[in-house]
Amino acid sequence: MNGCTTSPASADDRESERIRVATWNIRHGRGLDGRVDLERIARVIEDIDADIVALQEVDEVVRRSGLVDQAAWLAERLGMRAVFGSFMEHQGGRYGMAMLSGLPIEHSEVWRLTDGHEPRVALAVRVLPPTGPAVAVVGVHFDWVEDDEFRHRQATETMARLRRLDVPWIVLGDFNDTPGSRTLRDFRALGREALKPKERRATFPADEPRIEIDF
């Protein structure tokens, strides 16, 4: 979801102002083979070649993933900057979400959201593109159960914060909701959706994607 409005510009200007973003729920680095492998994660991010990557289900010094600060490790490996937003303490460390940025980060903050079946936050960073104004990039990971009461409340709180921003914004992440939901309907009323190729819209489950829940 992109809340930025634009005025007419030349092709060269548009290319220089373009920001490439991606979102990925990495499940603390554990692949479908059951192995935690951050190097594998890093190689995929390299192939994506995005300026900013929002990551969900990230561990910070947690036993199950080898006591590694995953956001810091990935940032160092990829030559990017990292910001971590904690959901909660877990197995001696913290569990939450992260933002990796190849652009300078001017400011970052964690927006605490209503707890659902797990605690939740939105992670907001203000980045400085090579040209143009600063841009706020907000990562989200909303509640996951079928009943959308908590999920929609978290989304509504996020949208209220977006409305108060004084710079263009992009929100992306694991919405855990589908295109026909009230959460997506409300976001479409607020911003312009970044469209995906029709044949590649599905994002879940990872091995045979059939449902679109990441935006």
Side-chain angles (χ1 to χ4, degrees), residues 1-2 15-62 64-87 90 93-108 110 121-130 134-142 169-176 193-197 199-209 211-215:
M1 293 288 175
N2 186 338
E15 184 64 32
S16 67
E17 294 171 359
R18 183 173 296 169
I19 298 175
R20 184 176 175 86
V21 299
T23 178
W24 190 5
N25 185 326
I26 65 170
R27 201 173 64 154
H28 63 272
R30 187 176 301 278
L32 294 172
D33 58 4
R35 293 190 300 114
V36 174
D37 187 343
L38 289 184
E39 174 59 30
R40 181 167 51 186
I41 299 288
R43 289 196 299 269
V44 173
I45 294 174
E46 280 182 321
D47 289 343
I48 293 170
D49 191 29
D51 299 297
I52 300 167
V53 184
L55 301 176
Q56 301 87 48
E57 298 196 19
V58 180
D59 281 353
E60 184 184 73
V61 197
V62 174
R64 68 180 174 186
S65 51
L67 301 176
V68 175
D69 184 334
Q70 294 188 325
W73 190 97
L74 288 167
E76 182 175 1
R77 164 67 175 77
L78 295 164
M80 302 178 80
R81 302 160 180 87
V83 176
F84 179 78
S86 175
F87 288 165
H90 185 65
R94 300 191 299 171
Y95 166 72
M97 60 198 309
M99 198 81 73
L100 302 177
S101 177
L103 302 175
I105 296 175
E106 182 181 56
H107 175 73
S108 66
V110 172
V121 303
L123 178 59
V125 301
R126 187 174 296 205
V127 300
L128 299 173
V135 175
V137 183
V138 181
V140 299
H141 185 192
F142 297 140
W169 53 261
I170 300 168
V171 59
L172 70 172
D174 186 346
F175 284 54
N176 271 321
E193 183 174 1
L195 299 179
K196 309 169 194 171
E199 69 278 6
R200 298 182 61 189
R201 295 184 69 92
T203 56
F204 180 84
D207 51 350
E208 295 183 9
I211 304 170
E212 183 182 12
I213 61 172
D214 302 86
F215 299 89

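Separating the CZ atom in Arg30 from the CZ atom in Arg64 is a distance of 8.0 Å, to the nearest 0.5 Å. Annotation: the span from His141 atom NE2 to Asp214 atom CG amounts to 8.5 Å, rounded to 0.5 Å. Remark: His90 NE2 to Ser65 OG distance equals 8.5 Å, nearest 0.5 Å. From Gln56, atom CD reaches atom CG of Leu123 across 10.0 Å, with rounding to the nearest 0.5 Å. Distance CG/Asp59 to CH2/Trp73: 14.5 Å, rounded to 0.5 Å. Residue Phe84 holds its CZ atom at 9.5 Å from CE of Met97, rounded to the nearest 0.5 Å.
Across all non-hydrogen atoms, the minimal contact from Ala42 to Arg77 is CB-CG, 3.7 Å. Here the shortest heavy-atom pairing between Pro129 and Ile19 reads CG-CD1, 3.8 Å. A pairwise comparison of heavy atoms in Phe215 and Thr23 identifies O-CG2, 4.1 Å as the closest pair. When all heavy atoms of Val138 and Ala122 are compared, the closest pair comes out as CG1-CB, 4.0 Å. Residues Arg126 and Ala134 share a closest heavy-atom pair of CG-CB, 3.8 Å. Closest heavy-atom contact between Met80 and Asp51: CE-O, 3.6 Å.
In this structure, Thr203 contributes its side chain and Ile213 its backbone to a donor-acceptor pair below 3.5 Å. Judged by distance alone, the side chain of Arg43 and the main-chain N or O of Asp47 form no donor-acceptor pair under 3.5 Å. In this structure, the side chain of Asp69 engages the main chain of Ala72 through a donor-acceptor pair within 3.5 Å. A distance-only check finds no donor-acceptor pair linking the side chain of Arg20 to the backbone of Ile52 [under 3.5 Å]. Panel note: side chain Asn176, backbone Phe142; a donor-acceptor pair is recorded below 3.5 Å. Checked by atom type and distance alone, the side chain of Arg40 pairs as donor or acceptor with a backbone atom of Arg35 at under 3.5 Å. Judged by distance alone, with hydrogens and angles left aside, the side-chain atoms of Glu60 form no donor-acceptor pair with the main-chain N or O of Gly93 at under 3.5 Å. Side chain of Gln70 to backbone of Leu38: no donor-acceptor contact under 3.5 angstrom is found.
Atom CD of Glu39 has more than 12 neighbouring heavy atoms from other residues, nucleotides or ligands inside a 6.0 Å radius. More than 12 heavy atoms of other shown residues, nucleotides or ligands fall within 6.0 angstrom of atom CD in Glu46.
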His28/Val62 under side chain to side chain contact (heavy atoms under 4.5 Å, CB included): CA gap, chis, key distance, verdict: CA-CA 9 Å; His28 63 272; Val62 174; over 6 Å; no
Step-by-step side chain to side chain contact (heavy atoms under 4.5 Å, CB included) determination, Leu195 to Arg201: CA-CA 9 Å; Leu195 299 179; Arg201 295 184 69 92; 4.3 Å; yes
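Checking Glu57 against Asn25 by side-chain atom types alone, a donor-acceptor pair falls below 3.5 Å.
You'll find the side chain of Val110 stays beyond 4.5 Å of the side chain of Ser86, heavy atoms only. With a 4.5 Å cut-off on side-chain heavy atoms, Trp24 and Ile45 count as touching. At least one side-chain heavy atom of Leu74 sits under 4.5 Å from a side-chain heavy atom of Leu55. Using a 4.5 Å heavy-atom threshold, the side chains of Val58 and Ile26 count as touching.
Between Tyr95 and Phe87, the ring planes are perpendicular. Angles over 60° get that label, and only those under 30° would be called parallel.
Checked options Leu128, Val137, Val127, Val135; the residue passing with Leu103 is Val127 (criterion: side chain to side chain contact (heavy atoms under 4.5 Å, CB included)).
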